[in-house]
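Scroll down for the structure; my scribbles are underneath it.
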There are 2 protein chains.
Amino acid sequence: MDTHRRHGRDEVVAKAAHLLDEYGLADLTMRRLARELGVTPGALYWHFADKQELLGAVADRILEPTCREPADAPWAARIVAIGSGLREALLSSTDGAELVSATFASGTSQALRGILERLVAAADDAGFVPTNAELAARTIVYYVLGFTADEQSRLQWDAAGALPHEQSVLTSNPNARFTFGLRLLTDGMAARQASDADDGVDPGVAVPAP
Amino acid sequence: MDTHRRHGRDEVVAKAAHLLDEYGLADLTMRRLARELGVTPGALYWHFADKQELLGAVADRILEPTCREPADAPWAARIVAIGSGLREALLSSTDGAELVSATFASGTSQALRGILERLVAAADDAGFVPTNAELAARTIVYYVLGFTADEQSRLQWDAAGALPHEQSVLTSNPNARFTFGLRLLTDGMAARQASDADDGVDPGVAVPAP
DNA sequence: ACCTGAACACCGTTCAAGT
DNA sequence: ACCTGAACACCGTTCAAGT
């Protein structure tokens, strides 16, 4: 509903983020965004190659608050902190988890790559060999995205008035539930370190003979 | 490309599954499905309330092979078996993981609920209190869906000719990579059982005074 | 029991041309 | 540097009416 014409890229992303938060991912369309900016749909393609790129930029904006966190503290605490920070960022916007999951698949969010790197660093400090550190870090991300997307869809479903007055065990106490799963993963990492973790996964191809 | 007219629901789902496998989720549209059946788009709404319901039915068809597995064996082995079976089913169809993830969110797949139940039973056998068994089971599902969606998108990206000849560490050895993450979770469950698992998560609401 | 016809209200993307 | 106009090729869904 703006009526002036020219916009910078950041302005466009900000409006998109606002639309997402107000109306949800399904209503974040190129045409609607254009209309809300007082502009023709084609104009958006001067700023972004396609919708994926726009969504990636919105994801980065949502994840921005997670971008500075302390790098001291033991590795397990760091993983819990990064995971919790990610979840909070996702919950801060309508359909945030769904949006970021989509951009994770398409690799268009730079911020999410940053988060992965910090998780890899933590797994590294846990003593994992690089291959396994990467695997452990991705496992954390799969969990956080899955849990939070689930949580958020229930929240919205629920705010829309469903669920009988007995609140399901699945919507109460989300923080504790979230932490439980995260701890499952960090405990698993610790257990693995206590035994055979430094082996890495089997290299599926033969190594050259010496 | 069928030219005859009337179809039963199963026939429609079968054609949808075939379309999915052949052209991917993005090309599985109601209109295209109708065209391929030699029918008008509106006809599909006699069989399904909406597209979600159709997708749920397709998901169930994909997950059908995972529906009978042995219920003996220790809990950790059962979890690994269920998780691996789920992954295999997802990989058996183009965009299978993406489809099932979407229907998981919308709760329209009955088969996925069945898989969850069997994971809950395994977690139960591991000695978890019901609340935590449910949490652990869902964590497994988040992981399997996340990992496999990621794996599958790389596979397709890659079959389409990208990735320089140095095959990324992320596409080689997927079985071992998958099992690594799964073991991280079962190890975590075992570690938790060895300590404080029977407490359940903190009940976020006050219990009535006795 | 299953389908048609026709409409309604939309999509993402491209691109010559304008300022 | 940023936008318009206009088109192209689509979507999901509804519903009276037909067989």
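Quick caveat: nothing in here was measured; it's all calculated off a predicted structure.
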- Query: Distance between the C1' atoms of C/dA9 and D/dC10, in whole angstroms?
  - Reply: 14 Å

- Query: With distance as the sole criterion, is a donor-acceptor pair present between the side chains of B/Gln52 and B/Ser106 under 3.5 Å?
  - Reply: yes

- Message: Only Watson-Crick and G-U wobble pairs, only distances under 3.5 Å, only runs of 3 or more: what stems does that leave for DNA chain C?
- Response: C:4-8 with D:12-16, C:12-16 with D:4-8

- Could you give the CG-to-P distance, from B/Leu37 to C/dT4, as a whole number of Å? 10 Å

Between the protein and nucleotides 7-14 of chain D, are there any N/O to N/O pairs under 3.5 Å, and if so, what are the atom names and distances?
| residue | atom | partner | partner atom | Å |
| --- | --- | --- | --- | --- |
| D/dC11 | OP1 | B/Thr29 | OG1 | 3.1 |
| D/dG12 | OP1 | B/Met30 | N | 3.2 |
| D/dG12 | OP1 | B/Lys51 | NZ | 3.0 |
| D/dG12 | OP2 | B/Met30 | N | 3.0 |
| D/dG12 | OP2 | B/Arg31 | N | 3.2 |
| D/dG12 | N7 | B/Arg31 | NH1 | 2.7 |
| D/dG12 | O6 | B/Arg31 | NH1 | 2.7 |
| D/dT13 | OP2 | B/Tyr45 | OH | 2.6 |
| D/dT13 | OP2 | B/Lys51 | N | 2.9 |
| D/dT13 | O5' | B/Tyr45 | OH | 3.3 |

- Message: Between B/Glu11 and B/Lys15 (salt bridge meaning N to carboxylate O under 4.0 Å), is one present in this structure?
- Response: no

- Salt-bridge criterion met for B/Glu36 and B/Arg31 (N-O under 4.0 Å): no

- Task: Find out whether the Lys NZ or Arg CZ of A/Arg87 is both under 6.0 angstrom from the six-membered ring centre of A/Phe178 and within 45° of the ring's axis.
- Result: yes

- So, is the end of the B/Arg32 side chain (NZ or CZ) under 6.0 Å from the ring centre of B/Tyr23 and within 45° of the ring's axis? yes

- Message: I'd like to know if B/Arg78 and B/Asp125 make a salt bridge, using a cut-off of under 4.0 Å between side-chain N and carboxylate O.
- Response: yes

- Message: So, taking the atom named CG in B/Leu55 and the one named CD1 in B/Ile62, what distance separates them when rounded to the nearest 0.5 Å?
- Response: 9.5 Å

- Message: Between A/Asn132 (side chain only) and A/Leu135 (backbone N and O only), is there a donor and an acceptor less than 3.5 Å apart?
- Response: no

- Verdict with reasoning, B/Glu134 to A/Arg177, per salt bridge (Lys or Arg N to Asp or Glu O under 4.0 Å): CA-CA 10 Å; B/Glu134 171 85 26; A/Arg177 293 174 52 76; 5.7 Å; no

- Task: Measure from the side-chain N and O atoms of A/Thr94 to the backbone N and O of A/Asp21, and report whether any donor-acceptor pair falls under 3.5 Å.
- Result: yes

- Query: In terms of side-chain geometry, is the basic nitrogen of A/Arg113 or A/Glu117 positioned less than 4.0 Å from the acidic oxygen of its partner?
  - Reply: no

- Query: Do any side-chain nitrogens or oxygens of B/His47 fall under 4.0 Å of OP1 or OP2 in C/dC3?
  - Reply: yes

- Could you tell me the separation between the CG atom of A/Leu44 and the P atom of C/dC15, rounded to a whole number of Å? 17 Å

- Using the C1' atom on both, measure C/dT14 against D/dC3 and round to a whole Å. 14 Å

Where do N or O atoms of nucleotides 17-19 of chain C meet protein N or O atoms at under 3.5 Å, pair by pair?
none

